[in-house]
Amino acid sequence: DQELEIRWLLLPLLNREYRYADIQKIVFKADARYAFVMSIIRQDGKTAFWGVLDCMPVNKIQEFLNDLRLHGVVVDNQMKYRDII
């Protein structure tokens, strides 16, 4: 409840955990090469994570964004509405 966990099914060495308090904002956008891209910006301004939401069902993305907001994370959603339906 205090951390965001990033899990990679095929590359578990890339698994990461980030405390919500250490996250300044998370940017989501649709990318031509990938389905959806997520960047975690830390409080110090550095990008801590850049990756894709390949394994997340599209209909769960809005729920994920809402959950982040409930934990006090600023969400910069640059995806088009139709991208997350």
Side-chain angles (χ1 to χ4, degrees):
D1 213 22
Q2 300 294 316
E3 295 180 329
L4 171 63
E5 297 179 17
I6 308 294
R7 299 287 176 236
W8 291 80
L9 297 175
L10 299 176
L11 298 168
L13 292 174
L14 297 177
N15 291 350
R16 298 286 183 268
E17 296 176 358
Y18 300 96
R19 291 179 12 156
Y20 289 118
D22 295 336
I23 299 172
Q24 180 184 72
K25 71 177 175 179
I26 299 181
V27 179
F28 293 89
K29 56 186 165 183
D31 187 282
R33 295 169 292 165
Y34 306 104
F36 304 104
V37 178
M38 176 176 80
S39 299
I40 297 174
I41 313 300
R42 300 185 322 204
Q43 289 293 352
D44 62 8
K46 294 182 181 178
T47 300
F49 174 82
W50 181 87
V52 295
L53 302 174
D54 286 343
C55 296
M56 181 176 287
V58 174
N59 62 347
K60 295 288 185 181
I61 292 177
Q62 187 63 52
E63 183 180 326
F64 177 52
L65 300 181
N66 291 338
D67 186 59
L68 288 170
R69 289 181 180 115
L70 286 174
H71 284 94
V73 175
V74 174
V75 174
D76 181 1
N77 182 6
Q78 299 176 10
M79 295 184 287
K80 295 178 182 144
Y81 182 74
R82 70 175 188 273
D83 292 337
I84 59 174
I85 295 177

CG (Leu70) with more than 12 external heavy atoms under 6.0 Å: yes
Same apolar cluster: Val37 and Leu9, side chain cutoff 4.5 Å: no
Can you list everything that forms a salt bridge (charged side-chain N to carboxylate O under 4.0 Å, His left out) with Glu3? Sequence neighbours excluded, please. none
Scan for salt bridge (Lys or Arg N to Asp or Glu O under 4.0 Å) pairs involving residues 41-50, sequence neighbours excluded, and state none if there are none. Arg42-Asp44
Would a hydrophobic clustering, with Ile, Leu, Val, Met, Phe, Trp and Tyr connected at side-chain separations under 4.5 Å, put Ile41 with Val75? no
Check whether Leu4 and Val73 end up in the same hydrophobic cluster, where Ile, Leu, Val, Met, Phe, Trp and Tyr are linked by side-chain heavy atoms less than 4.5 Å apart. yes
Does some side-chain heavy atom of Ile6 sit less than 4.5 Å from a side-chain heavy atom of Met38? yes
Out of curiosity, does Val74 fall in the hydrophobic cluster containing Ile40 (side-chain heavy atoms, cut-off under 4.5 Å, transitive links)? no
Say you draw a straight line from CG of Leu65 to CG of Asp76; how long is it, rounded to the nearest 0.5 Å? 10.5 Å
Give the ring-plane orientation class for Phe64 versus Phe28, where under 30° counts as parallel, over 60° as perpendicular and anything between as tilted. perpendicular
Hey, does Asn66 have a side-chain heavy atom less than 4.5 Å from the side chain of Glu63? no
Hey, could you give me each pair passing salt bridge (Lys or Arg N to Asp or Glu O under 4.0 Å) that has a residue in residues 7-23? Not counting sequence neighbours. Glu5-Arg7, Arg7-Glu17, Arg19-Asp22
With heavy-atom distances below 4.5 Å as the criterion, would you say the side chains of Asp1 and His71 are in contact? yes
Working to the nearest 0.5 angstrom, can you tell me the gap between Gln24 CD and Thr47 OG1? 9.5 Å
